[in-house]
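Scroll down for the structure; my scribbles are underneath it.
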Amino acid sequence: MLKDIYTWLLDNYGPQGWWPLVTYKGTNPTKTGALKGYHPGDYSFPHNDSERFEICIGAILTQNTTWLQVEKALVNLKRMNALNVKGMKKLSVGKLKEAIKCAGYYNQKSKYIKEFSTLFSNLEKFPPTRAELLSVNGIGEETADSMLLYAFGVPTFVIDAYTRRILLNLGLITADAKYEDIKALFENNIDNDLIIYQEFHALLVEHAKRYYNNKNVTKKCPLSTKFGKN
DNA sequence: AACCAGGACGTGA
DNA sequence: TCACGTCATGGT
């Protein structure tokens, strides 16, 4: 069932190339958001610690905001040479807030980022454990799993509000399903494959943006007729 | 112009 | 454990 959904999504939308990284025009950092700015079908990313760090910062910044806003914040940070641990640690909290203001919740996110940076630089080895990530204030289950999956190459499934919404609409979960329940549902039914895990989550987000863009589902989800239980 | 976005935390029951 | 308020900007 879930595998069939994955196949349908991949066939219809193609590889998403997550996690998006900041791209350049010449030497000038511009965007990540455009599809061409991703790296669809190339699963070799991230290539270095700087990219790993960038993904983690993006994971914190994207909490309850759109990627469009996150992208602007990331570009600001990149231009300040702060999208790597050393640069970030040198950046004052004031400058940090200024740079990420567009992504919202800048007071708390600036703390989260600073605290995460300390953990990142203190890590003896990659990948960190899930518990280590969760110990940082501001890193919850989804953010931790996103970091593990996209920054550190650990095949762990990411559950977000969109995923929950889709599965609920399809009747595959009930409203009281917890994060761990939904995560287990995927991990017990999908091959433990890094590429599939990365792609599946990204595809669910893309699908949800098309059909579940507000809290009361209005548009007809094409998955529901094919795979829905009701 | 109200509604909401790729959540997480602190609080009180 | 769990429900609920809070955090904040900017696009649609």
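Because the structure is predicted, anything quoted here is derived from the model rather than measured.
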Contact list for DNA chain C against residues 97-106 of chain A - heavy-atom distance below 4.0 Å: Lys101(A), Cys102(A), Gly104(A), Tyr105(A), Tyr106(A)

Quick one: which residue pairs count as a ring-ring contact (aromatic ring centres under 6.0 Å, His included) with a foot in residues 68-91 of chain A, not counting sequence neighbours? none

Work out how far the C1' atom of dG10(C) is from that of dC9(B), and round it to whole angstrom. 23 Å

Between C1' of dA8(C) and CD of Gln108(A), the distance in whole Å: 9 Å

For the side chain of Trp19(A), counting heavy atoms from C-beta on, which of dA8(B), dG6(B), dA8(C) is nearest? dG6(B)

Using Watson-Crick pairs (N1 to N3, plus N6-O4 or O6-N4) and G-U wobble pairs, both distances under 3.5 Å, which stems of at least 3 pairs involve DNA chain C? B:3-5 with C:9-11, B:7-13 with C:1-7

Return no unless some side-chain N or O of Lys209(A) is found under 4.0 Å from OP1 or OP2 of dC4(B). no

Say whether Asp145(A) and Tyr179(A), considering side chains only, have a donor N or O and an acceptor N or O under 3.5 Å apart. yes

Taking the side chain of Pro20(A) as heavy atoms from C-beta outward, which of dC2(C), dG7(B), dG6(B) is closest to it? dG6(B)

With distance as the sole test, does Glu187(A) use its side chain to make a donor-acceptor pair with the main-chain N or O of Phe157(A) at under 3.5 Å? yes

Whole angstrom value for the distance that separates P of dG6(B) from CD of Gln198(A): 19 Å

Consider the side chain of Tyr112(A), meaning its heavy atoms from C-beta on, and name the nucleotide among dG11(C), dC9(B), dG7(B) that approaches it most closely. dC9(B)

To the nearest angstrom, how far is Gln69(A) atom CD from dA5(B) atom C1'? 9 Å

Among dG11(C), dA8(C), dG6(B), the one nearest any side-chain atom of Asn64(A) is dA8(C)

Answer yes or no: does atom NZ of Lys89(A) have more than 12 heavy-atom neighbours from other residues, nucleotides or ligands under 6.0 Å? yes

If we ignore angles and hydrogens, is there a donor and acceptor under 3.5 Å between the side chains of Glu199(A) and Tyr6(A)? no

Using a 4.0 Å heavy-atom cut-off, does Lys72(A) contact any base of the nucleic acid, only the sugar-phosphate backbone, or nothing at all? sugar-phosphate

Strand-adjacent residues in residues 132-144 of chain A, judged by heavy atoms under 4.0 Å from DNA chain B: Val136(A), Asn137(A), Gly138(A), Ile139(A), Gly140(A), Glu141(A), Glu142(A), Thr143(A)

Taking OH from Tyr211(A) and P from dG6(B), how many angstroms apart are they, rounded to a whole number? 17 Å

How are the rings of His207(A) and Tyr212(A) set relative to one another: parallel (under 30°), tilted (30 to 60°) or perpendicular (over 60°)? tilted

Closest to the Trp67(A) side chain: dG10(C), dG7(B), dG6(B)? dG6(B)

Give me the distance, rounded to whole Å, that separates dA8(B) from dG11(C) when you measure between the P atoms they each carry. 24 Å

Counting only side-chain heavy atoms from C-beta out, which of dC9(B), dG10(C), dA8(C) sits nearest to Thr65(A)? dA8(C)

Just to verify, which of Lys178(A), Lys183(A), Arg130(A) counts as forming a salt bridge (charged side-chain N to carboxylate O under 4.0 Å, His left out) with Glu141(A)? Arg130(A)

Contacts of Glu124(A) meeting salt bridge (charged side-chain N to carboxylate O under 4.0 Å, His left out) (sequence neighbours excluded), chain-then-number -> none

On a heavy-atom basis, which atom in Ala208(A) and which in Ile166(A) lie closest, and how many Å separate them? CB-CD1, 3.9 Å

Criterion side chain to side chain contact (heavy atoms under 4.5 Å, CB included) against Phe200(A), the qualifying member of Val158(A), Ile190(A), Ile195(A), Thr163(A): Ile190(A)

With sequence neighbours excluded, tell me which residues meet side-chain hydrogen bond (donor to acceptor under 3.5 Å, both in side chains) with Asn12(A). none

What's Ala161(A) touching, base or sugar-phosphate or nothing? Going by heavy atoms closer than 4.0 Å. sugar-phosphate

For dC7(C) and dA5(B), measure between their C1' atoms and round to the nearest Å. 14 Å

Nearest-angstrom distance from the residue atom OH of Tyr179(A) to P of dC2(C): 17 Å

Rounded to whole angstrom, note down the C1' distance from dG6(B) over to dG5(C). 22 Å

For Ala202(A), does its backbone N or O pair with a side-chain atom of Gln16(A) as donor and acceptor, under 3.5 Å? no

Here the pair of heavy atoms bringing Tyr197(A) nearest to Asp191(A) is CE1-O, 3.2 Å

Side chain of Arg165(A), heavy atoms from C-beta onward: which of dA5(B), dG6(B), dG11(C) has the nearest atom to it? dA5(B)

In whole Å, what is the span from the CG atom of Asn107(A) to the C1' atom of dG7(B)? 16 Å

Nucleotide dG6(B), atom P - distance to NZ of Lys109(A) in whole Å: 11 Å

Length of the OH-C1' vector between Tyr162(A) and dG7(B), whole Å: 13 Å

